[in-house]
Amino acid sequence: MANVRTSIDIQAPVQEVWGLVTDLDRLGEWVSIHRDFPEPPPHQVEQGTSFRQTLAVAGTPFPVEWTAIDVDGPQRLAWEGAGPAGATARTTYSLTEQNGGTRFEYENDFRLPAGEIGEAASGVVSGYAEREADESLSRLKQLAEA
């Protein structure tokens, strides 16, 4: 299993940042690997909310089905994702108030398919995933601070 962890300080209140990250229609504005939704996503995020999303890593699109497994707004949101060929992911957003702004922490644990081959590839994909996570958080910061 590979793990990506990163964080960013955003000069916007926690509730505003929470509003952005739970507005699924806006994922394409800040998630750098988002490509589209095969069907419109739900308007509210609560425990058990599910949606399908098309992501692209290294130019290769793939579908993921996400389910909210931990919703404790506006402090914590965790998603479990199921992708092709048994790929899985768990993505967690943690938001804490910091000097009137928000400390946004992102964590993604993912497992690629294909057993040992997938594990070997995880190191390469992990580096790419970390760069994309940093890019996504930078976009989120720009949106929230605009």
To the nearest 0.5 Å, what is the distance between [atom1] ([X]) and [atom2] ([Y])?
X: Trp66; Y: Glu80; atom1: CH2; atom2: CD; result: 9.5 Å
X: Ser136; Y: Arg131; atom1: OG; atom2: CZ; result: 13.0 Å
X: Phe62; Y: Gln53; atom1: CZ; atom2: CD; result: 8.5 Å
X: Leu55; Y: Leu27; atom1: CG; atom2: CG; result: 9.0 Å
X: Leu95; Y: Phe104; atom1: CG; atom2: CZ; result: 5.5 Å
X: Tyr106; Y: Leu140; atom1: OH; atom2: CG; result: 12.0 Å

Check whether any side-chain N or O of [X] sits under 3.5 Å from a backbone N or O of [Y] as a donor-acceptor pair, and report yes or no.
X: Glu97; Y: Gly100; result: yes
X: Thr102; Y: Val14; result: yes
X: Thr54; Y: Pro63; result: no
X: Gln47; Y: Ile69; result: yes
X: Ser138; Y: Asp134; result: no

Restricting to non-hydrogen atoms, name the atom on [X] and the atom on [Y] that form the minimum distance, rounded to 0.1 Å.
X: Phe110; Y: Val4; answer: CE2-CG2, 4.0 Å
X: Pro61; Y: Gly59; answer: CD-O, 3.4 Å
X: His34; Y: Gly28; answer: CD2-CA, 3.3 Å
X: Val45; Y: Ala68; answer: CG1-CB, 4.3 Å
X: Leu24; Y: Pro41; answer: CB-CB, 3.7 Å
X: Val64; Y: Gly81; answer: CG1-CA, 4.0 Å

Worksheet item: Are side-chain heavy atoms of Val21 and Trp30 found at a separation under 4.5 Å?
Response: yes
Practice prompt. Could you give me the CA-CA distance, side-chain angles and deciding distance for Glu65 and Ser50, then say whether side-chain contact (heavy atoms from CB on, under 4.5 Å) is met?
Written response: CA-CA 7 Å; Glu65 172 96 24; Ser50 292; 3.8 Å; yes
Worksheet item: Are the ring centres of Trp79 and Phe51 closer than 6.0 Å?
Response: yes
Discussion item. So that I can tick it off, tell me whether Arg103 and Asp9 are bridged by a salt bridge, with the cut-off set at under 4.0 angstrom between side-chain N and carboxylate O.
Written reply: yes
Worksheet entry | Note: Arg139-Glu135 ion pair, threshold 4.0 Å (strictly below) | yes
Item to complete: For side-chain contact (heavy atoms from CB on, under 4.5 Å), just list the numbers for Thr49 and Thr67, CA-CA rounded to whole Å, side-chain angles, deciding distance to a tenth of an Å, and then say yes or no.
Response: CA-CA 6 Å; Thr49 295; Thr67 301; over 6 Å; no
Discussion item. Pair Arg26, Leu20 - check side-chain contact (heavy atoms from CB on, under 4.5 Å), show working.
Written reply: CA-CA 7 Å; Arg26 297 192 73 181; Leu20 275 172; 3.2 Å; yes
Item to complete: Please assess Leu77 against Trp18 for the test side-chain contact (heavy atoms from CB on, under 4.5 Å), listing each intermediate value before the final yes or no.
Response: CA-CA 9 Å; Leu77 174 59; Trp18 177 261; 3.8 Å; yes
Worksheet item: Taking Glu107 as the fixed residue, which of Asn3, Thr6, Thr91, Thr92 is the one that meets the side chain to side chain donor-acceptor pair (under 3.5 Å) rule?
Response: Asn3
Discussion item. With a sphere of 6.0 Å drawn around CD of Gln44, does it hold more than 12 non-hydrogen atoms of other residues, nucleotides or ligands?
Written reply: no
